[in-house]
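Let me begin by presenting the structure, written as structure tokens, before commenting on it.
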Amino acid sequence: MTSTVLLRQNAPPSPPPERVTVSVHALDAGHFSLPEYQFVHPISRDARKTVPSLSFLIQHHNIHSGKTTRIVFDLGLRKNIERYAEPIQKHVVTRQPMTTDPDVVKSLVKGGLHPEDIDYVIYSHVHWDHVGEPRDFPTSTFVVGSGATSLLNGTSVTLRGGHSFFESDLLPHGRFVELSDPSGTQPNSKFSEEESGVLNFHRPWQPYGRCPETLDLFNDGSLYIVNAPGHLPGHINILARLSDSHQVYLAGDACHDRRLLTGEKEIGEWNDVHGQVCCIHADKQAAQETISRIRELERDGVEIIFAHDVEWENNPVNNGRFFGASKL
Ligand SMILES: [Zn+2]
């Protein structure tokens, strides 16, 4: 009895349980060029810049089941432009110069993976420059935010701009999940916990840190889908834990230019040929609130990467963070 007590007293304090992490790698999924006035203000009407349309590979390893779950967040540009619907092909003319080689598939292969290895494709939103070629992922389950299927089916409110054309057959029949509306009635919280690594996307949206609406995908704090309203109905982001001290936030099109985070620029607006005021965000005020939240996350030390983040891509310290990168 006494010796047991002594042993307990002498035993070193047990370390805190390690937090579960995921790995995140960027995937080169094409480049295109943007007129800057459509994104930031003030800026010269002629200013253009060529930006990536980044995809990301996220890998989660379940130490109990041994299963690795692989997710690709966004598929970038479609390799064969002619496979876009005609209105998008017309719009693409205004986005030159543009390259689609390598595409997301080639970038996966560079690191030794194939589309069949990808369990889930999560779309930040369903604009043409993020949806890539879903036909290239014949076994993956596709995940979209609430309202995305209404856009694809053409039953949503009209959105202005040539980039807002949606393909009704984009999502593979019977192989996609549309998340619940974070502001709507929450689904029954008595969901069953699957143990095979199949994710439950229908858990209730819950606050996490600064983000009021998140889904803890693996129920272990390693990976959250974050509701990020403003850019397009169903726009969602990802918050991933890479280590105890490193979280990364994949911002999709919540922000198109780092100067919006620093406050150096404001969200751009312009008049179309009919004199209508246009904005790249469907709901500018909600987009502004989302940007404010991202700014706070960055101040907290979270790394922010948005889909068209040319500065992140060009920073040499990130070279080794592309999947299959030869140099570290
Ligand atoms: Zn985009």
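Counting begins at 1 with the first residue of the sequence. Both counts, for ligands and for their atoms, begin at 1 and track the order of listing.
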Counting the benzene-type ring for Trp, do H256 and H231 have ring centres under 6.0 Å apart?
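Yes - the distance between ring centres of H256 and H231 falls below the 6.0 Å cut-off.
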
Any donor-acceptor pair under 3.5 Å from H308 side chain to P52 backbone
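Such a contact is found between H308 side chain and P52 backbone.
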
Using atom types as modelled and distance alone, determine if a side-chain donor or acceptor of Y123 lies under 3.5 Å from a backbone N or O of F142.
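It does not hold such a pair.
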
Give the total of protein N/O/S atoms at a distance below 2.8 Å from the Zn ion (ligand 1).
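Count of protein N, O, S atoms less than 2.8 Å from the Zn ion (ligand 1): 4.
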
S124: partners by side chain to side chain donor-acceptor pair (under 3.5 Å), with sequence neighbours left out
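Partners of S124 by the side chain to side chain donor-acceptor pair (under 3.5 Å) criterion, ordered by chain and then number, come out as D74.
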
Going by atom type alone, with no hydrogens or angles, which donor-acceptor pairs under 3.5 Å involve a side-chain atom of residues 112-119 and a protein atom two or more places apart or on another chain?
{"from": "D117", "atom 1": "OD2", "to": "H114", "atom 2": "N", "distance (Å)": "2.7"}
{"from": "D119", "atom 1": "OD2", "to": "R70", "atom 2": "N", "distance (Å)": "2.8"}

Could you pull out all residues at least two apart from E266 that satisfy salt bridge (Lys or Arg N to Asp or Glu O under 4.0 Å)?
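Partners of E266 under the salt bridge (Lys or Arg N to Asp or Glu O under 4.0 Å) test: none.
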
